[in-house]
Amino acid sequence: MANLNTKTISELSDLLEQGKCTSVEIVNDVLAAIDARDGKINAYLTLDRASALKQAEAADKARAAGKKGALLGIPLAIKDLLNVKGQPCTCSSKILEGYIAPYDATAIAKLREAGAVFLGRVNMDEFAMGSSTESSAFKKTRNPWNTDHVPGGSSGGSAASVAADEAVAALGSDTGGSIRQPAAFCGCVGLKPTYGMISRYGLTAFASSLDQIGPITKTVKDSAILLEAMAGKDEMDSTSIDLPVPNFAKELTDDHSLKGMKLGLPNEYFVDGMDTEVATAVWNAKKHCQELGAEIVNISLPHSKYAIAVYYIIATAEASANLARFDGIRYGLRKDGADPIELYGKTRAAGFGPEVKRRIILGTYVLSSGYYDAYYLRAQKVRTLIRNDFTAAFKQCDAILAPVTPTPAYKIGEKTNDPLKMYLDDILTTPVNLAGICGLSVPCGFSKAGLPIGLQILGDSFKEANILKIGHAYEQTTDWHRQKPRI
Ligand code: GLN
């Protein structure tokens, strides 16, 4: 069978189950696609060819011995901030160049147990700070739909690898939109799970109260499969929640009716400066959901307009504390100095890039005595108001429909000189992390220039089943996700 790399997890697991292909064949097709295309796309930082083939052989053997499972023998690309034992984990930063993960993150350990194959590490914004993957210290990843454009970020390598069929699926992390936004820019499905759904143990921390691991896939069903495999309580992460994990994938049936579902449309999410092509695509998606039987209700999320200010105070404050551990003593890069203080200073000056430094300075400032009350404490209070908006909204509806980003993917270099302009693009994704709820991005159209557009479906905490059902119904009755970029 040819081009196995173009198929989805659920298609491949059926083929594997029926003995129509092997995991080694899948991995070989994926490696061939990487060889043919990644010179153009630049999604991968490191590729572990020999180990990937070995893992695939082991999966094929396990299947022959009677092991089953949707992920057995499926190759995945992993964002370079999740620890995969024995592989590099640089967070696309010079400060972690040469660092090899000594252990598996819990999410990775669970996937390994399920038989998934870890191909290698994919590019990202340095320490997940950014929206375009341009802040990587190592390379610029390109959007497979148009290589002059960014793939989005910070999980840009993950989304680009999936869109280019250089991975069957990928993992990313989402602190303020970093799964949903690159998924939207690259025409993939991206899921940001509820805070506490998946253990963060082994995920390099950016902003601990906002970070979540999640999948970037070709279909909603594939996201459900990965979510199910990674979710659940972990004693290594005290914020992971002890709730039974539903059989998310099985609940996605061929019944695509949305009868009985109420979908909220927030006025505030059709912001000033929104691209008309994006607004039209989301509007059409809303109409499509109505045709599937959903009822649309108008809702209001009045504090959304403060989300960017609140997010960039809280996220930078937490980042300034989290990144203190990169001191030249414990991990990666070391620049010698006459005394420890000089060593710390030299190491951090040489190891961190400009965006990371900007955030550490901002975060340290908002936490400093004298400014703490005015910025950090106030931001936490407004964060509660943003959460309360969602609590009120979910009394009126089962899920919320919104755009993911104000515009489709922009050109490489277009926003690098104006960080504030880039921050503003996170207006529609950050409220979800601040509230701790879940959000899904599914393809809902293309701009005239041929760039993908994403629809965001938001659900209340631990209501992943709702947003997956809506996303699946929408996806299976539309054609957007079946389009492939010409590379
Ligand atoms: N773009 C946002 C930021 O730069 C979100 C990043 C993320 O979710 N990791 O902080």
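Indexing begins at 1, ligand by ligand and atom by atom, following the structure's order. Values below: every heavy atom of this structure, side chains too, minus hydrogens, waters and symmetry copies.
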Next on the checklist: Below a 4.0 angstrom heavy-atom separation, can you tell me which part of A128, side chain or backbone, both or neither, approaches ligand 1?
Outcome noted: both
Checklist entry - Considering only heavy atoms, does R180 approach ligand 1 within less than 4.0 Å through its side chain, its backbone, both, or neither? => result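 Within the 4.0 Å criterion, R180 makes no contact with ligand 1.
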Checklist entry - What residue and atom, counting heavy atoms only, is the protein's closest point to atom 2 (C) of ligand 1, and at what distance? => result D426 OD2, 3.1 Å
Checklist entry - Do any nitrogen or oxygen atoms of G130 come within less than 3.5 Å of a nitrogen or oxygen of ligand 1? => result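 Such a contact does occur with ligand 1.
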Checklist entry - Below 3.5 angstrom, do we get any N/O pair linking S173 and ligand 1? => result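 No: no nitrogen or oxygen of S173 is under 3.5 Å from one in ligand 1.
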Checklist entry - So Y331 and Y99, would you call those rings parallel, tilted or perpendicular, with 30° and 60° as cut-offs? => result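 Ring orientation of Y331 relative to Y99: perpendicular.
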Next on the checklist: Angle between ring planes, F352 versus F326, binned at 30° and 60°: parallel, tilted or perpendicular?
Outcome noted: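 Correct class here is perpendicular.
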Checklist outcome for this item: Judged by heavy atoms only, the candidate from F127, F206, Y312 nearest atom 3 (C) of ligand 1 is Y312
Next on the checklist: My understanding is that we take every heavy atom of each candidate and find the minimum distance to atom 6 (C) of ligand 1. Doing that for S178, G153, G152, which one comes out nearest?
Outcome noted: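 Looking at heavy atoms only, the winner is S178.
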Could you list which atoms of ligand 1 come closer than 4.0 Å to a heavy atom of [X]?
{"X": "D174", "result": "8 (O)"}
{"X": "S131", "result": "1 (N)"}
{"X": "G176", "result": "5 (C), 7 (C), 8 (O)"}
{"X": "S154", "result": "9 (N)"}

Please verify whether a non-hydrogen atom of [X] lies at under 4.0 Å from ligand 1.
{"X": "A315", "answer": "no"}
{"X": "Y311", "answer": "yes"}
{"X": "R359", "answer": "yes"}

Using modelled atom types and a 3.5 Å cut-off, is there a donor and acceptor pairing between side-chain atoms of [X] and backbone atoms of [Y]?
{"X": "N267", "Y": "S300", "answer": "no"}
{"X": "S155", "Y": "S178", "answer": "yes"}
{"X": "Q456", "Y": "P403", "answer": "yes"}

Checklist outcome for this item: Residues pairing under salt bridge (charged side-chain N to carboxylate O under 4.0 Å, His left out) where one sits in residues 136-161, two or more places apart or in two chains, turn out to be none
Next on the checklist: Assess, by modelled atom type and distance only, whether the side chains of N123 and S92 contain a donor and an acceptor separated by less than 3.5 Å.
Outcome noted: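 Result is yes, a qualifying pair exists.
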Item to check | D222 and T217 side chains, donor-acceptor separation under 3.5 Å | outcome: no
Item to check | Listed once per pair and sorted, the side-chain hydrogen bond (donor to acceptor under 3.5 Å, both in side chains) pairs that draw on residues 404-421, sequence neighbours left out | outcome: K415-D425
